[in-house]
Number of protein chains: 2
Amino acid sequence: MSSFLDQSAGYLINMTALLLKREFSSAIKSHNIDVTPEQWAILNRLNENSDLTQKEVAKLTFKDNANITRMVDKLEKKGLVIRHSDPNDRRSWNLSITKKGIEIRDLVEPLAVDILNKISKNISKKEMDSYNKISNKIINNLIE
Amino acid sequence: MSSFLDQSAGYLINMTALLLKREFSSAIKSHNIDVTPEQWAILNRLNENSDLTQKEVAKLTFKDNANITRMVDKLEKKGLVIRHSDPNDRRSWNLSITKKGIEIRDLVEPLAVDILNKISKNISKKEMDSYNKISNKIINNLIE
DNA sequence: TAGTTATATTTGTCATGTTAACTAATAAAA
DNA sequence: TTTTATTAGTTAACATGACAAATATAACTA
């Protein structure tokens, strides 16, 4: 016996995200790259925007400040990110990605693209556009 | 500057699941119910099927055996689940949900339904059906 | 039957997500 | 300017997820 919830959007969203993250992690690992998907997301933001504060990274990644602290600690230890003191506000850090950080970011990007291709199998571009549009609607319904 | 990945299916799936889980957790907490969404998922399975082993629960919930051990520990401590020794295989447990477990499960179900309604705002039934269908396709692409 | 292999669960370790409490620094108000 | 409130970041505690190793039992095979 199985619940009607098993085919609900909630269940499916959760399942999809779980499998997707598993796939991404394992792709990164199989290439012997020492970074997690979450750490990569941070590297990505810092690659796009230099001198973000931790708070700004938290906002961009929809994560908690406390998490960012810990993850930046790890990224700093690995030499992928540097904390610079902010001359205007001694409470905050300006973060920058290192050369090594950029290298790692660039190594992972094609793996992300591969996975995007993999999940799109048997799904037309039109369908995927519609899927993404509805994802955005759901996100907005949850953010409000 | 933002990456093309920000509107990719991967990013959106991840974001949707994150917000959805946050919403669910906070709904449960705001009703002062002492259970996590993941624990509720287990209660749900045991409510549908009695005498599942931990391995079976793990398979149904797509989780790790080790995680199930720990979550069942917590559910047992709270008196929501009982471990019965399996007469045919002394390695495994047969799990059953308690009366209190069923009560908790039943309290949370309407909250899950509320959230399903909330995320469906401005999305037609037809659109949502298509969304779910594509979710299933993506899941299959990831499971293969 | 003895020895090997497979299985179900447990335990430990590490990363992340959530929450609360805390520190230091800035901003606002009296 | 002194007090008060807010803000950025840190730390600690707990739950989950992934992974590896360990234990006990079951199943298989020579």
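As a basis for the values below, the full set of heavy atoms in this structure was taken, side chains included, without hydrogen atoms, waters or symmetry mates.
- Shown here are the side-chain contact (heavy atoms from CB on, under 4.5 Å) partners of Lys118(B), two or more places apart in sequence or in another chain: Glu23(B).
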N/O contacts under 3.5 Å, protein versus nucleotides 1-9 of chain D?
residue : atom : partner  : partner atom : Å
dT7(D)  : O4'  : Arg91(A) : NH1          : 3.4
dT7(D)  : O2   : Arg91(A) : NH1          : 2.6
dA8(D)  : OP2  : Lys55(A) : NZ           : 3.1
dG9(D)  : OP1  : Gln54(A) : N            : 3.2
dG9(D)  : OP1  : Trp93(A) : N            : 3.1
dG9(D)  : OP2  : Lys55(A) : N            : 2.6
dG9(D)  : O3'  : Trp93(A) : NE1          : 3.1

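- Note on Lys74(B): a side-chain N or O is less than 4.0 Å away from OP1 or OP2 of dT16(D).
- One interatomic measurement links the two molecules: CZ of Phe62(A) to C1' of dT16(C), which rounds to 18 Å at whole-angstrom precision.
- For Ser26(A), there are no side-chain contact (heavy atoms from CB on, under 4.5 Å) partners two or more places apart in sequence or in a different chain.
- Atoms NZ (Lys78(A)) and C1' (dC14(C)) sit 11 Å apart, rounded to a whole Å.
- Atom CD of Gln39(A) is separated from atom C1' of dC14(C) by 11 Å (rounded to the nearest Å).
- The side chain of Asp64(A) sits closest to dT18(C) out of dG17(C), dT18(C), dA15(D).
- With sequence neighbours excluded, the residues forming a side-chain contact (heavy atoms from CB on, under 4.5 Å) with Ile123(B) are Ile134(A), Lys137(A), Ile138(A), Asn141(A), Glu127(B), Met128(B), listed by chain and number.
- Every residue was checked against the side-chain hydrogen bond (donor to acceptor under 3.5 Å, both in side chains) condition with Asn94(B), not counting sequence neighbours, and none meets it.
- Contacts of residues 11-35 of chain B with DNA chain C (heavy atom under 4.0 Å): Arg22(B), Lys29(B).
- Summarising the geometry, the separation between CE on Met71(A) and P on dT10(D) is reported as 14 Å, rounded to the nearest angstrom.
- Annotation: ring pair (Phe, Tyr, Trp, His ring centres under 6.0 Å) contacts of Trp93(A) (sequence neighbours excluded): none.
- Atom CD1 in Ile42(A) sits about 11 Å away from atom C1' in dT16(C), given to the nearest Å.
- Shown here are the side-chain hydrogen bond (donor to acceptor under 3.5 Å, both in side chains) partners of Asp89(A), two or more places apart in sequence or in another chain: Arg91(A).
- The stretch residues 53-64 of chain B participates, sequence neighbours left out, in no salt bridge (charged side-chain N to carboxylate O under 4.0 Å, His left out) pair at all.
- The distance between atom CG of Leu75(B) and atom P of dA15(D), rounded to the nearest whole Å, is 11 Å.
- For Glu76(A) and dA15(C), the CD to C1' distance is 18 Å, given to the nearest whole Å.
- Side-chain proximity of Glu38(A) to the nucleotides dG17(D), dA15(C), dG17(C) is greatest for dG17(C).
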If you look only at distance, which donor and acceptor atoms sit under 3.5 Å apart when one is on a side chain in residues 9-17 of chain A and the other is two or more places apart or in another chain?
residue  : atom : partner  : partner atom : Å
Thr16(A) : OG1  : Leu12(A) : O            : 2.5

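- The rotation axes computed at either terminus of the helix from dT1(C)-dA30(D) to dA30(C)-dT1(D) lie 0° apart, taking five pairs at each end and rounding to 10 degrees.
- Note: Trp40(A) and Phe24(A) have perpendicular aromatic rings, judged against thresholds of 30 and 60 degrees for the angle between ring planes.
- Here the P atom of nucleotide dT18(C) and the NZ atom of Lys63(A) are 8 Å apart, to the nearest Å.
- With Ile42(A) as the partner, the side-chain contact (heavy atoms from CB on, under 4.5 Å) test is satisfied by one option alone out of Val35(A), Val57(A), Leu60(A), Leu52(A): Val57(A).
- By the side-chain hydrogen bond (donor to acceptor under 3.5 Å, both in side chains) test, His84(A) is found to be paired with Ser96(A), residues two or more places apart in sequence or in another chain being considered.
- Nearest to the side-chain atoms of Ala66(A) among the listed nucleotides dT19(C), dG17(D), dG12(C) stands dT19(C).
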- Dump the intermediate steps for side-chain contact (heavy atoms from CB on, under 4.5 Å) on Leu107(B) and His31(B), then the final yes or no. CA-CA 9 Å; Leu107(B) 278 174; His31(B) 285 76; over 6 Å; no
